[in-house]
4 protein chains.
Amino acid sequence: MDSRPSYDEKLLGILRASAGIFAEKGYHRASIRDISAATGISLSGLYYYFRSKEELLFLIQDHCFGTLLQRLEEGLPGGDDPAAHLHLFIRNHLRFFLANREEMKVLSHESEVLTGEYRAGVAAKKRRYTERASDILAELLPRGGVELRTATFSLFGMMNWIYTWYRPDRDGNADELAESMTHIFLRGCLTPMGAKRDAAPDGGLEGAPSIWRTG
Amino acid sequence: MDSRPSYDEKLLGILRASAGIFAEKGYHRASIRDISAATGISLSGLYYYFRSKEELLFLIQDHCFGTLLQRLEEGLPGGDDPAAHLHLFIRNHLRFFLANREEMKVLSHESEVLTGEYRAGVAAKKRRYTERASDILAELLPRGGVELRTATFSLFGMMNWIYTWYRPDRDGNADELAESMTHIFLRGCLTPMGAKRDAAPDGGLEGAPSIWRTG
Amino acid sequence: MDSRPSYDEKLLGILRASAGIFAEKGYHRASIRDISAATGISLSGLYYYFRSKEELLFLIQDHCFGTLLQRLEEGLPGGDDPAAHLHLFIRNHLRFFLANREEMKVLSHESEVLTGEYRAGVAAKKRRYTERASDILAELLPRGGVELRTATFSLFGMMNWIYTWYRPDRDGNADELAESMTHIFLRGCLTPMGAKRDAAPDGGLEGAPSIWRTG
Amino acid sequence: MDSRPSYDEKLLGILRASAGIFAEKGYHRASIRDISAATGISLSGLYYYFRSKEELLFLIQDHCFGTLLQRLEEGLPGGDDPAAHLHLFIRNHLRFFLANREEMKVLSHESEVLTGEYRAGVAAKKRRYTERASDILAELLPRGGVELRTATFSLFGMMNWIYTWYRPDRDGNADELAESMTHIFLRGCLTPMGAKRDAAPDGGLEGAPSIWRTG
DNA sequence: AATGAATGAGGGTTCATTCAT
DNA sequence: CATGAATGAACCCTCATTCAT
């Protein structure tokens, strides 16, 4: 039994600590020295784990998006109720968001920092992820409704903005928030939440709040 | 007749140029030297107009919120249709946002940079502004609906996130976007936009798109 | 009757205020802006009264030494008791010093700042002044006693160091200090102050403490 | 065998070089660039050895006072002749002063620059040092003599002023100066130096000039 | 696998000074 | 007489990064 942390474990610890610092001070104001202090690893020792500060940000964002995508794929089994799909998407997003608020803040807030290959790499994952949402919405939006692009990004705006205002003691947990936002997005604020909706078959919504399951 | 710009005009020019640079590179990566180059004013000469880089950011944000609030007050005449009020609020926000995208990006993206008095000053205006929205929503939300806080910030998230994705050539103008977002927020994406809504007396909505006027 | 201050009066006010600031912060740390604030005269307005910061320091030091020398000449009438002369010299120095502590601190502390003509000008007056003391001491020192240079500068050291420690509430006034220092310098600390000294005719010592007048 | 200088040796070298520059130009006019040039260490490299210019000054002053105090304690063995003690004190002070003129000038001239903790740290040592002199003087001064405070600071004035006038080629070495100043301070200038004094048992004055040893 | 020591580039800011008005 | 506006030079300091060990 070897209790020494492996390379990967150490790297993950560095990513987590760095995300915390980037979230707190912002990427540019955070210094590698801050990260050295937070991790207990010497300034130059850190460069064993990443090539540059920019790569460090990339690793954080890439790992974050990777996990987000993976969770999404695991949690989104087939099914033919796009509304339920959307709810699952939102719930997945918010669960991960609130469980990894620092990483997600870095993802949301520092999205324009990366350049070159790093930028391209993250952008690709982001595009894939966004397309998932877009695809779901494409099935949902009625003719003559809101533009798909507008709808998609409005949804992401609602969700990603969370890092600016969310307080765990006041604003409910991820699932509650997911329900609210799904409701707002699909039915609007004017519709009472308990309201009976058009019958829709449950699309792989096991575990989802009962409201989404037509009785 | 003196055509030389006054102190105030020069200051406003500096604020505008600085907002552009802050929007492009982010506050921390932008240097006063960048601003000097963009304005044609010498590095030290700039300090005649502001005391510090932080004050410069404050001036931008404060002036921006000030104008936003002022426009809101001018454009929000009495009336008793809260839905119309909300539409006006959103339209005012987006009109200003898209007409001053750089400033608004700075407002949205660099909201945590300021400290001390500067931070407090902007926060006060922001709170006042947010409360306007919140007050309108309080009249709109049905019992058992979405939490007021959640609704309010979801709305702002939808609107403020725009700076990350809006492209004038693809995404319609401010008024169109305002209409879409009002629709999403109040009725939800599932509702077709042309749909007849509950009759509601026009609440000071002169100039608003016809859809909001009940036939 | 014109109550507006004349050029000279304004200049003197500036010199006084500047001496205060130089004394407090030191010449190099003090800025012309500080002086502008202290005098109420605009930054550029000050340059009507002096050509440069260095000239300002010169004016202060020159005026200060000038007054010191003038007072000395007025207060040092003939007489043939060199000890009494010395006492008068010391008293004159300390009276002026304590009545103009800020100026004297600037004189003592910033003596190496000036360059070129300015430096030469002040140095000349300082030399003349120092020679007065030296001349008096030359008559006093016994054969085989302390070196004249050493004695002279030890005396000035004792006196000029005052600016580092003097507190009006604890350390007596100028005349008391002058008596003490004269005593230390001539008779030493081991000699009680009241002790009868060798008879010496009063050398123009009107107003001096009785101890110096042989009964 | 490693002949490369250790961290401490390098730091001491930097302190010495910096003291030289501070002595020459004054703390505020001296720039870190000057020190970089004098030491051959790059501008930023210097900050590996101190946190700020102010800390650099502190290190110089603290180290200087530390050595001064240590030498004093080593050189001041017991004994009951306070006059001999005083002579030793003065000799210790002047030996160190003249052997480290640049540091001592910095100590004397830049004593008001430090702030906060740095200031407090040096002030504590200075107080301890001054009290040594004061304690000795307290035993020496006769009733009705000069005030203790006045005597103490007059002595320090005499000694510390040296940096303004001392020239090795004209003014004797440290021990000669110490003898002169002790003489002036205790017996006064009027007393010839060779004069027989009250018999006093030698108080640990090995190595002191013969004059202090009663025949 | 890790670090102490060092550096070039660049950052925000201050300052004495000028000059048209 | 006096000032508002402006500037070039310089200053202290921080940073990401490197390299010998």
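Worth saying up front: this structure is predicted, and the values here are computed from it rather than measured.
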Would you say [X] places a side-chain N or O within less than 4.0 Å of OP1 or OP2 belonging to [N]?
{"X": "D:Y47", "N": "F:dC13", "value": "yes"}
{"X": "C:Y49", "N": "F:dA2", "value": "yes"}
{"X": "A:K10", "N": "E:dA2", "value": "yes"}

Just how far, in rounded Å, is [atom2] of [N] from [atom1] of [X]?
{"X": "C:H28", "N": "E:dT14", "atom1": "NE2", "atom2": "P", "result": "19 Å"}
{"X": "C:L56", "N": "E:dC15", "atom1": "CG", "atom2": "P", "result": "15 Å"}
{"X": "A:F22", "N": "F:dA16", "atom1": "CZ", "atom2": "P", "result": "9 Å"}
{"X": "B:I32", "N": "E:dG11", "atom1": "CD1", "atom2": "P", "result": "10 Å"}
{"X": "D:I21", "N": "F:dC11", "atom1": "CD1", "atom2": "P", "result": "12 Å"}
{"X": "A:R51", "N": "F:dT18", "atom1": "CZ", "atom2": "C1'", "result": "15 Å"}
{"X": "C:I35", "N": "E:dC15", "atom1": "CD1", "atom2": "C1'", "result": "12 Å"}
{"X": "D:L11", "N": "E:dG4", "atom1": "CG", "atom2": "C1'", "result": "15 Å"}

(request) Check for a donor-acceptor pair, side chain of C:E103 on one end and backbone N or O of C:C64 on the other, with a separation under 3.5 Å. (result) no
Please determine whether any donor N or O and acceptor N or O are separated by less than 3.5 Å between the side chain of [X] and the base of [N].
{"X": "D:S42", "N": "E:dG8", "answer": "no"}
{"X": "D:S44", "N": "E:dG8", "answer": "yes"}
{"X": "B:R33", "N": "E:dG12", "answer": "yes"}

(message) Nearest 0.5 Å, please: how far is NE2 in D:H109 from CG in D:L107?
(response)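 Answer rounded to 0.5 Å: 12.5 Å.
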(request) Can you figure out which of E:dT17, F:dT17, F:dC12 approaches the side chain of A:S52 most closely? (result) F:dT17
(request) Between E:dC15, E:dT3, F:dA16, spot the one nearest the side chain of C:S31, thanks. (result)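 Of all the options, the side chain of C:S31 is nearest to E:dC15.
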(request) Name the pairing partner of F:dT21, where a pair is Watson-Crick or G-U wobble with both distances under 3.5 Å, or state none. (result) E:dA2
(request) Return the nucleotide paired to E:dA16: Watson-Crick means purine N1 to pyrimidine N3 with N6-O4 or O6-N4, wobble means G-U with N1-O2 and O6-N3, both under 3.5 Å. (result) F:dT7
(request) Specify the residue among D:R29 and C:I41 whose closest nucleotide of DNA chain F lies further upstream toward the 5′ end. (result) C:I41
(request) By nearest nucleotide on DNA chain E, pick out whichever of D:Y7 and C:L43 is the more 5' one. (result) D:Y7
(request) Might you confirm whether atom CZ of D:R101 has over 12 heavy atoms from other residues, nucleotides or ligands at distances under 6.0 Å? (result)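 Atom CZ in D:R101 is crowded, with more than 12 foreign heavy atoms closer than 6.0 Å.
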(message) Quick check on the 6.0 Å ring-centre criterion: do D:Y7 and D:Y49 meet it?
(response)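 Yes, they do, as the ring centres are separated by less than 6.0 Å.
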(request) Test A:F50 against every option in A:L57, A:I60, A:I32 by the side-chain contact (heavy atoms from CB on, under 4.5 Å) rule and name the one that passes. (result)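 That would be A:I32.
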